[in-house]
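Naming: A, B, ... by sequence-line order, numbering from 1 per chain. None of these values were measured; they are calculated from a predicted model.
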Amino acid sequence: MPERVQRPASGRVLLARLAEQVIAAQDAVSTTAGRDGRWVTADGDRLIDGVVVAATGRRLDVELHVVAEWPPEPLQQLAARLRGGLERSASNSGLSDQLGDVDVAIHDVRERGDTGAVR
Amino acid sequence: MVLVLRALATLIGLLLLVVLAAAGLAAAIFSLQAGDGTLSLSQLASLLSLDDVRDSVGGWLTGLEAGGPVAVVAALSGAGAVLLGLGLLIGALVPRRERLLIIERSPQGALSAKRRAAASALQDLAQQPRVVLAAKVRVRPRRRRIGGRARVTLVHAQTPEPGRVLAAARGASEPLAEQLSLRLRTRRREPRRARRVS
């Protein structure tokens, strides 16, 4: 059986993975791919939900599509927390020079434990 | 039901566009030759068994085929029809993108929210006062700019102090509206069959 070739991940995919980990480590927020599953980044065989990374010039802009938990903390604070976490992770991974804007889009505000589909 | 009707309307619209495009293509191809040539409008009329129509508009078609003001008007109309067709195709095929409420823009990036998420959060807060039976919230984001407007319509039980209901609901939802950069407008409506709250 031929051995599967593992290609090195691009900066885009590495940043998307970091963003996924940052959101997963935060309280009161989770990722969403959106109603029609549009907001994803392909990482080999799997999709990273709620993270879109796009190159603008030499930098990689990141969009985080999230669902916040009710009652929501101040949204500006939530966005700052996510951005700060991603900047730290990118810095630790040597990707800070590639990280561009980090946009945060709130898709829904839900009670804790509500896992229904995003409308 | 609405989804089925919407799908049907999209399908019919698409079919009409295809028919229109085919008709336009046929007219364009049969305009290549003048007179009674194989690719002339006269021949197209014969193929479609429209001889009577050809006789009545024959003079106009002759003017169309020749150079002059009629041909210029026809060329401009044709170009306009092509642009309109392309526009309709784009409108039918390109997916609609929901307008987001932009809450904040900073050098680090933008913070935005879906209208429905903002409306639903405001609705939960506006319904907190006991006398409020229901609240309907409509959020209108500005185009490309920060913030927007939110209109909260409260349905409340009969009460001697309706002003206090408005104030209470407004007080509950105002902090979040400010966070979302929304200008809040509150109004009230009594239910048709007013219920008294004990």
(Q) Is there a path of hydrophobic side-chain contacts, each under 4.5 Å between heavy atoms, that joins B:Leu20 and B:Leu11? (A) no
Should the heavy atoms of other residues, nucleotides or ligands under 6.0 Å from CZ of A:Arg46 be counted, would the total exceed 12? yes
Among residues 78-86 of chain A, those lying within the under-4.5 Å heavy-atom range of chain B are A:Ala79, A:Arg83
Is there a continuous path of hydrophobic side-chain contacts, each under 4.5 Å between heavy atoms, that joins A:Val62 to A:Val40? no
Shortest non-hydrogen pair, B:Ala117 vs A:Asp108, comes out as CB-CA, 3.6 Å
Residues 48-55 of chain A vs chain B, non-hydrogen distance cutoff under 4.5 Å, contacting residues -> none
When the 4.5 angstrom heavy-atom criterion is applied to B:Leu180 and chain A, the contacting part is side chain
Could you tell me whether A:Arg59 atom CZ has more than 12 heavy atoms of other residues or ligands within 6.0 Å of it? yes
d(B:Arg116 CZ, A:Arg35 CZ) to nearest 0.5 Å is 6.5 Å
Practice prompt. Treat each ILVMFWY residue as a node, draw an edge where side-chain heavy atoms are under 4.5 Å apart, and state whether B:Leu47 and B:Leu25 are in one component.
Written response: yes
In this structure, CD of B:Gln179 is separated from CD of A:Gln77 (nearest 0.5 Å) by 8.5 Å
Expected contact set for residues 104-112 of chain B against chain A at heavy-atom separation under 4.5 Å reads B:Glu104, B:Ser106, B:Pro107, B:Gln108, B:Gly109, B:Ala110, B:Leu111, B:Ser112
Apart from B:Ile102 itself, members of its ILVMFWY cluster (side-chain separation under 4.5 Å) are B:Ile146
Query raised in the report: Heavy atoms, side chains only, cut-off 4.5 Å: are B:Lys114 and A:Ile106 in contact?
Result: no
Practice item. Give a yes or no on whether B:Leu44 and B:Ile29 share a hydrophobic cluster (residues Ile, Leu, Val, Met, Phe, Trp, Tyr; joining criterion: side-chain heavy atoms under 4.5 Å apart). Key: yes
**Joint hydrophobic cluster, A:Leu47 plus A:Leu15, side-chain heavy atoms closer than 4.5 Å** = no
